[in-house]
Amino acid sequence: MARAGLTTERLVRAGAELADEVGFDQVTVSAVARRFDVKVASLYSHLRNSRDLKTRIALLALEELADRAADALAGRSGKDALGAFADVYRDYAREHPGRYTAARHPLDPETAAASAGARHAQLTRAVLRGYDLAEPDQTHAVRLLGSVFHGYVSLEAAGGFSHSAPDSQESWTRIVDALDSLLRNWPAP
């Protein structure tokens with residue numbers, strides 16, 4: 001019998017909070033059980049194992065990011081949309097470092113296809129509509145944006161930009177400007 005008050009959603013949210021506090025790699029069913037002061041066995045009616053918990057946290061993070069990105073893009077286009085979209089990823093990583101890591105957790109193909117991951121690609125392509133890119137250049141641009149955003153956010157989170165001037169925010173702004181310029185002047189093959 002499931003312990004009163006414990007639900008899969010509560011456990012996943014507790015796991016996500018734990019990920020933000022101690023790191024996604026440290027999240028286990030045992031650690032979540034300690035949060036609720038229950039035995040690990042009490043959680044197995046809601047979660048199969050730590051891998052299941054991590055997958056569910058990843059799905060939550062992807063959904064939260066997609067919702068934020070959709071809200072940020074509403075009514076925007078061109079450079080304004082690009083900047084808002086970029087800021088969503090950077091801000092989310094700063095506010096929820098464990099969840100941001102979770103959003104990159106490997107998912108099996110079926111789970112990935114049913115996740116909000118597909119919305120991320122659609123939202124990126126929505127940003128690119130303001131730049132008149134045809135395939136396959138649009139796919140190249142999706143990959144470029146993902147690489148730049150993730151790379152910058154990861155380096156910044158690791159303290160890679162805290163040792164020198166200019167301020168990281170100034171670099172971020174210049175990078176978004178440079179991406180806008182590149183997307184408006186995409187090189188011919």
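Here, residue 1 is the first one in the sequence, and each next residue gets the next number. Predicted model, so just to flag it, every value in this text is computed and none were measured.
Rounded to the nearest 0.5 angstrom, Leu43 CG and Arg10 CZ are separated by 11.0 Å. In this structure, Asp37 CG and Ser42 OG are separated by 10.0 Å, a value rounded to the nearest 0.5 Å. Distance check, rounded to the nearest 0.5 Å: CZ of Arg56 to CG of Leu53 gives 9.0 Å. Rounding to the nearest 0.5 Å gives a distance of 5.5 Å between CG of Leu60 and CZ of Arg99. Distance check, rounded to the nearest 0.5 Å: NE2 of His150 to CG of Leu145 gives 14.5 Å. For the atom pair Asp87 CG and Arg68 CZ, the distance stands at 12.0 Å (nearest 0.5 Å).
Between Phe161 and Tyr152, the distance from one ring center to the other falls under 6.0 angstrom. Taking the six-membered ring for Trp and the full ring otherwise, the centers of His96 and Tyr92 sit less than 6.0 Å from each other.
By the 4.5 Å heavy-atom criterion applied to side chains, Glu21 and Gln26 are not counted as neighbours. Inter-residue side-chain proximity for Asp132 and Trp186 is flagged as unmet; no heavy-atom pair is nearer than 4.5 Å. Side-chain contact between Ser171 and Pro166 is present, with heavy atoms from C-beta onward closer than 4.5 Å. Between Trp172 and Asp167, the closest side-chain pair of non-hydrogen atoms is not below 4.5 Å. For the pair Leu65/His120, a side-chain contact is recorded, criterion being any heavy-atom separation below 4.5 Å from C-beta on. Side-chain contact between Leu107 and Ser115 is present, with heavy atoms from C-beta onward closer than 4.5 Å. A heavy-atom distance below 4.5 Å is found between the side chains of Tyr44 and Val29. Side-chain contact between Pro187 and Leu182 is present, with at least one heavy-atom pair separated by less than 4.5 Å.
Closest approach of Leu73 to Ala81, counting heavy atoms only: CD2-O, 3.4 Å. The two atoms that bring Val88 and Ala72 nearest to each other are CG2-CB, 3.5 Å, heavy atoms only. Closest approach of Val27 and Gly15 over heavy atoms only: CG2-O, 3.7 Å. Taking each heavy atom of Tyr89 and Tyr100 in turn, the nearest pair found is O-CE1, 4.1 Å. Of all the heavy atoms in Gly98 and Phe24, the pair that sits closest is O-CB, 3.6 Å. Scanning all heavy atoms of the two residues, the minimum distance from Asp20 to Pro97 falls at OD1-N, 3.5 Å.
Here Asp177 pairs with Lys79 in a salt bridge; the nearest charged N to carboxylate O distance falls below 4.0 Å. Of the charged side-chain nitrogens involved, none lies within less than 4.0 Å of a carboxylate oxygen, so that Arg90 and Glu95 do not count as a salt-bridged pair. A salt bridge links Asp67 to Arg119: one of the charged nitrogens lies within less than 4.0 Å of a carboxylate oxygen.
Counting non-hydrogen atoms of other residues, nucleotides and ligands closer than 6.0 Å to CD of Glu110 gives a total of 12 or fewer. For Arg104, the CZ atom counts as densely surrounded, since its 6.0 Å shell holds more than 12 non-hydrogen atoms of other residues, nucleotides or ligands. For Arg143, the CZ atom counts as loosely surrounded, since its 6.0 Å shell holds 12 or fewer non-hydrogen atoms of other residues, nucleotides or ligands.
For the side chain to side chain contact (heavy atoms under 4.5 Å, CB included) test with Phe85, the passing option among Leu123, Val176, Leu128 is Leu123; the others fail. Of the residues listed (Asp80, Ile175, Leu82), the one engaging Asp180 in a side chain to side chain contact (heavy atoms under 4.5 Å, CB included) is Leu82, and it is the only one.
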Give the intermediate values and the outcome of side chain to side chain donor-acceptor pair (under 3.5 Å) for residues Thr28 and Arg51. CA-CA 8 Å; Thr28 63; Arg51 180 176 172 82; over 6 Å; no

side-chain contact (heavy atoms from CB on, under 4.5 Å) for Leu179 and Leu144? Distances and angles first, verdict last. CA-CA 9 Å; Leu179 287 171; Leu144 170 72; 4.0 Å; yes

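There is no side-chain donor-acceptor pair under 3.5 Å between Asp52 and Thr55. Counting only N and O atoms by type, the side chains of Arg125 and Thr139 include a donor and acceptor under 3.5 Å apart.
Listed for the His105 side chain is no donor-acceptor partner under 3.5 Å among the backbone atoms of Lys54.
One hydrophobic cluster holds both Ile57 and Leu6 under the rule that ILVMFWY side chains link at heavy-atom gaps under 4.5 Å.
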